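The shown structure was predicted, so the numbers you read here are calculated from the model rather than taken from an experiment. Proteins get letters first, then strands, A, B, ... in listed order; numbering begins at 1 in each.
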There are 4 protein chains.
Amino acid sequence: MSTDRKPDPSRRRQQSRDSILEAALALVLEVGYSKTSIESIASRAGVGKQTIYRWWPSKGAVVFDSVLAHAGVEDGVQLPDTGDVEADLKQVLRATVAEFADPAFEAPIRALNSEIIFDADLAAAYRERMAAPVEEAKKVRLRSAQAAGQLDPDADLDLLLELLYAPVYQRWLLRTAPLTQEYADQLVETVLRTFAPARTPTSP
Amino acid sequence: MSTDRKPDPSRRRQQSRDSILEAALALVLEVGYSKTSIESIASRAGVGKQTIYRWWPSKGAVVFDSVLAHAGVEDGVQLPDTGDVEADLKQVLRATVAEFADPAFEAPIRALNSEIIFDADLAAAYRERMAAPVEEAKKVRLRSAQAAGQLDPDADLDLLLELLYAPVYQRWLLRTAPLTQEYADQLVETVLRTFAPARTPTSP
Amino acid sequence: MSTDRKPDPSRRRQQSRDSILEAALALVLEVGYSKTSIESIASRAGVGKQTIYRWWPSKGAVVFDSVLAHAGVEDGVQLPDTGDVEADLKQVLRATVAEFADPAFEAPIRALNSEIIFDADLAAAYRERMAAPVEEAKKVRLRSAQAAGQLDPDADLDLLLELLYAPVYQRWLLRTAPLTQEYADQLVETVLRTFAPARTPTSP
Amino acid sequence: MSTDRKPDPSRRRQQSRDSILEAALALVLEVGYSKTSIESIASRAGVGKQTIYRWWPSKGAVVFDSVLAHAGVEDGVQLPDTGDVEADLKQVLRATVAEFADPAFEAPIRALNSEIIFDADLAAAYRERMAAPVEEAKKVRLRSAQAAGQLDPDADLDLLLELLYAPVYQRWLLRTAPLTQEYADQLVETVLRTFAPARTPTSP
DNA sequence: ACATAACCGAGACGGTACGTCATGTCTTGCG
DNA sequence: CGCAAGACATGACGTACCGTCTCGGTTATGT
């Protein structure tokens with residue numbers, strides 16, 4: 001016998017959920033994450049505070065859902081495949097760099113990251129719902145490159161992706177150095193060189 | 001013309017500063033960063049709140065100084081140089097991995113990072129006072145390796161270090177995958193392979 | 001157009017109100033008015049500070065309500081009417097003098113007065129809710145005396161009451177001279193003499 | 001053997017004292033008594049806080065001295081004596097009423113009174129240094145009236161003065177009713193009637 | 001003439017309280 | 001019963017002052 005409140009999700013009002021997520025995202029953009037409060041979200045969404053507390057455990061979770069809903073990663077992700085890995089990867093990494101530079105993305109994503117740092121549950125949710133699909137799409141492209149002989153067939157693709165993306169992520173997060181298109185290109189070139197296919201011994 | 005109060009640092013009481021930094025670090029370890037308040041730091045340090053506000057602009061800055069004072073990076077940093085870069089780098093990167101796993105380091109450093117994400121000033125301070133000295137020590141070792149012919153003399157050392165450390169940092173921060181000693185070794189090997197000196201068929 | 005929060009009195013918790021007023025009165029008695037803080041009232045009443053700020057504009061207003069609630073002037077006030085004005089007034093004025101000497105009344109009432117001096121709103125509230133009912137009761141008795149031919153029918157009763165009470169009030173407030181029962185009697189006699197009915201030599 | 005600081009008044013800097021009193025008075029006028037702080041007085045006077053604490057026990061005492069120094073009651077006080085008590089008293093009481101209405105006097109004097117209410121020492125100082133000389137001057141005039149047969153030779157002059165001034169004081173302090181010149185006149189007339197000389201029994 | 005003791009300005013300090021904001025819980029009344 | 005509204009106890013915020021305490025720098029004699 002438990003006294004826990006267990007709200008019935010079927011009775012949930014979709015309109016409230018939407019306006020909460022919208023308000024949360026708008027506030028993070030306008031006043032920043034730390035100045036965004038549950039109270040301000042509720043007030044802006046025209047919603048009672050309890051309605052937020054009923055469905056989300058924390059401010060971080062609300063903002064997480066906001067960003068997720070807005071990013072719309074839930075649709076299938078697919079990377080370009082022109083046959084030229086280097087060109088394709090450069091295009092993709094340049095797009096990532098550009099995204100990080102977009103103020104409309106930057107604020108919510110920094111907020112997301114600052115929560116993920118502390119909250120292992122959010123981190124897991126992030127991996128599963130945001131990172132994993134993208135990760136898998138990238139690997140599809142890389143396997144295609146392996147099949148085309150542009151990449152070492154034994155390359156550890158997880159490691160490769162880390163070497164490619166972690167430096168970008170770190171530069172953006174810690175602002176250690178400017179994030180430029182040239183940097184993206186340089187990373188792609190360096191990493192591809194590292195995982196280049198073994199030089200085919202042309203003669204016996 | 002400014003009305004800002006500019007307290008005179010020469011009149012600052014060293015004892016207060018010390019007990020504040022100590023209290024801040026202890027609280028972050030004991031109750032976590034977000035539950036550490038300026039008020040609790042002041043109270044634990046036996047200090048008036050104003051004494052904190054007089055010398056630091058934010059909780060983040062206090063914790064930053066705590067970590068800095070505790071880490072003692074201000075002393076010269078020097079890396080081992082046994083003549084074998086790979087062995088030396090593996091030792092150093094394994095130490096980094098171990099440090100990240102130490103609960104006594106983890107909490108304050110996660111706190112630090114969560115502040116740095118938002119606060120560009122703190123990020124700059126971090127770069128200058130914590131990262132830069134260590135970075136420089138690492139480069140000294142790498143240049144020594146270049147001189148010894150163990151590394152491409154044209155290698156971009158900044159990029160090399162990013163490829164080496166950013167993946168570790170990202171795994172730790174986002175908990176994307178376990179941080180093991182083997183992973184450290186693998187990273188060192190991969191990166192050294194990338195920046196290996198060109199095979200000069202000098203003489204038969 | 002006003003952005004002011006206007007709390008809904010119907011949702012007010014009576015229990016909180018009561019414990020706040022009780023705590024305020026107790027604290028003024030125990031530690032004095034100036035050492036009584038909103039914070040200490042809240043803490044003693046087991047109430048959040050905001051609950052005080054929501055319903056009262058200032059410490060003075062809280063203490064005012066405390067005194068008012070305690071004095072219970074809101075009930076009808078009625079003065080003795082034995083048929084002998086002089087005796088009745090002496091009794092009433094002696095009671096006033098005694099009240100001023102009672103330490104349990106003195107502290108809160110001095111507190112009240114010190115606030116009223118500065119705060120015209122409080123002064124108005126004092127007149128309307130504390131002074132007026134008593135004033136009216138006194139006038140009822142005086143009119144009865146006029147009807148009985150013990151007082152000049154043309155006497156300005158407001159003036160009469162001021163001449164009677166202001167000296168007592170002043171002596172108490174400024175401690176210019178001891179407040180004794182004899183003094184009360186002397187005042188009554190003097191003032192009654194001033195407003196005695198004209199000697200009408202009606203018939204021998 | 002005492003460790004008490006006993007500052008040597010002979011070494012006191014007159015300039016500091018003056019600027020403190022001046023600053024105190026100005027602040028009470030400008031921002032009101034309760035918003036006047038020791039710190040603001042010191043700052044405005046260009047004086048260290050300690051210099052105030054060295055010579056005065058409390059804010060009330062400083063303001064008291066300010067008002068005293070400004071009022072300049074220390075000079076001899078003398079009331080008009082035209083031979084007509086009623087006219088003279090009306091003139092004096094009207095002046096008092098006017099003074100109370102003057103904003104430049106009102107603020108500091110309300111401040112004074114609010115301190116006197118709580119602080120018996122200040123009350124005594126007030127009586128001795130401000131009230132007494134004026135009181136004595138008034139009595140001189142009244143005795144002259146007694147000698148002139150305009151006043152009952154047995155009149156209790158203290159009581160008379162209380163009946164004359166307390167109502168004015170009360171009206172001003174509590175704002176119970178407007179303080180007009182007519183009111184002053186009415187008071188004088190009423191009180192003089194009360195203490196009129198006994199009707200001389202013209203025939204035996 | 002020169003120590004030496006005080007006052008003095010400045011302001012850092014450990015505190016208390018301020019009045020505001022947000023938290024997460026609870027209650028009320030509407031639909 | 002979900003919900004908007006919002007009162008509530010709690011607790012932290014950042015600020016203002018409190019009264020005490022150094023810190024140098026003038027005075028201002030007193031030998």
Peer 1: Using a cut-off of 4.0 Å between protein heavy atoms and nucleotide atoms, how would you tag nucleotides 16-24 of chain E 5' to 3' with B, S and -?
Peer 2: -BBBBBBBB
Peer 1: Only counting residues at least two apart or in another chain, list the ones meeting salt bridge (Lys or Arg N to Asp or Glu O under 4.0 Å) with B:E30.
Peer 2: B:R44
Peer 1: I want to check something: taking the side chain as every heavy atom from C-beta on, are B:S34 and A:F118 in contact at a cut-off of under 4.5 Å?
Peer 2: no
Peer 1: Measure CG/C:D8 against P/F:dA4 and give the value in whole Å, please.
Peer 2: 19 Å
Peer 1: Whole Å only: how far is the CD atom of C:Q14 from the C1' atom of F:dC8?
Peer 2: 15 Å
Peer 1: Do any side-chain atoms of residues 9-16 of chain D form donor-acceptor pairs under 3.5 angstrom with protein atoms, and if so which ones, sequence neighbours left out?
Peer 2:
unit_1 : atom_1 : unit_2 : atom_2 : d
D:S10  : OG     : D:D8   : OD1    : 2.8
D:S10  : OG     : D:D8   : OD2    : 3.0
D:Q14  : NE2    : D:D18  : OD1    : 3.0

Peer 1: Give the minimum heavy-atom separation between C:V47 and C:S19, together with the two atoms involved.
Peer 2: CG2-OG, 4.3 Å
Peer 1: Hey, does B:V67 have a side-chain heavy atom less than 4.5 Å from the side chain of B:H70?
Peer 2: no
Peer 1: Tell me, please, which residues at least two apart from D:I109 pass side-chain contact (heavy atoms from CB on, under 4.5 Å).
Peer 2: D:F105, D:N113, D:W172
Peer 1: Please report, rounded to the nearest Å, how far the P atom of F:dG14 is from the CH2 atom of B:W56.
Peer 2: 15 Å
Peer 1: Expressed in angstrom and rounded to an integer, what is the separation of A:I52 atom CD1 from F:dG6 atom P?
Peer 2: 15 Å
Peer 1: Among all residues two or more places apart in sequence or in another chain, which pass the side-chain hydrogen bond (donor to acceptor under 3.5 Å, both in side chains) test with C:D119?
Peer 2: none
Peer 1: Using a 4.0 Å heavy-atom cut-off, does D:R54 contact any base of the nucleic acid, only the sugar-phosphate backbone, or nothing at all?
Peer 2: base
Peer 1: Using OP1 and OP2 only, check whether a side-chain N or O of B:S16 sits under 4.0 Å from E:dG14.
Peer 2: yes
Peer 1: In residues 19-33 of chain A, which ones come under 4.0 Å of DNA chain F, going by heavy atoms?
Peer 2: none
Peer 1: Quick one: side-chain contact (heavy atoms from CB on, under 4.5 Å) partners of A:A125, sequence neighbours excluded?
Peer 2: A:F64
Peer 1: Could you tell me whether B:S10 contacts a base, only the sugar-phosphate backbone, or nothing, with contacts defined as non-hydrogen atoms closer than 4.0 Å?
Peer 2: nothing
Peer 1: Identify, with sequence neighbours excluded, every residue that meets side-chain contact (heavy atoms from CB on, under 4.5 Å) alongside A:S43.
Peer 2: none
Peer 1: Is there side-chain contact between D:I20 and D:W56, with heavy atoms separated by less than 4.5 Å?
Peer 2: yes
Peer 1: Quick one, give me the B/S/- string for nucleotides 24-29 of chain F, reading 5' to 3', where B means a protein heavy atom under 4.0 Å from the base and S means that only happens at the primed atoms, P, OP1 or OP2.
Peer 2: ---SB-
Peer 1: Name all residues meeting the side-chain hydrogen bond (donor to acceptor under 3.5 Å, both in side chains) criterion together with A:K59; count only those two or more places apart in sequence or in a different chain, and write none if there are none.
Peer 2: none
Peer 1: Give a yes/no answer on whether the side chain of A:T51 brings an N or O atom under 4.0 Å of OP1 or OP2 in F:dA4.
Peer 2: yes
Peer 1: Using whole Å, report how far CZ of D:R17 lies from P of E:dC8.
Peer 2: 12 Å
Peer 1: Is any side-chain heavy atom of C:V28 closer than 4.5 Å to one of C:S66?
Peer 2: no
Peer 1: The criterion is side-chain contact (heavy atoms from CB on, under 4.5 Å); which residues satisfy it with D:S40, sequence neighbours excluded?
Peer 2: D:L27, D:T36, D:S37
Peer 1: Are the side chains of B:E115 and B:V63 in touch, meaning some heavy atoms are under 4.5 Å apart?
Peer 2: no
Peer 1: Check each residue of residues 111-120 of chain C for a non-hydrogen atom within less than 4.0 Å of any atom in DNA chain E, then write out the ones that pass by number, or none.
Peer 2: none
Peer 1: Could you give the CH2-to-C1' distance, from C:W55 to F:dA7, as a whole number of Å?
Peer 2: 8 Å
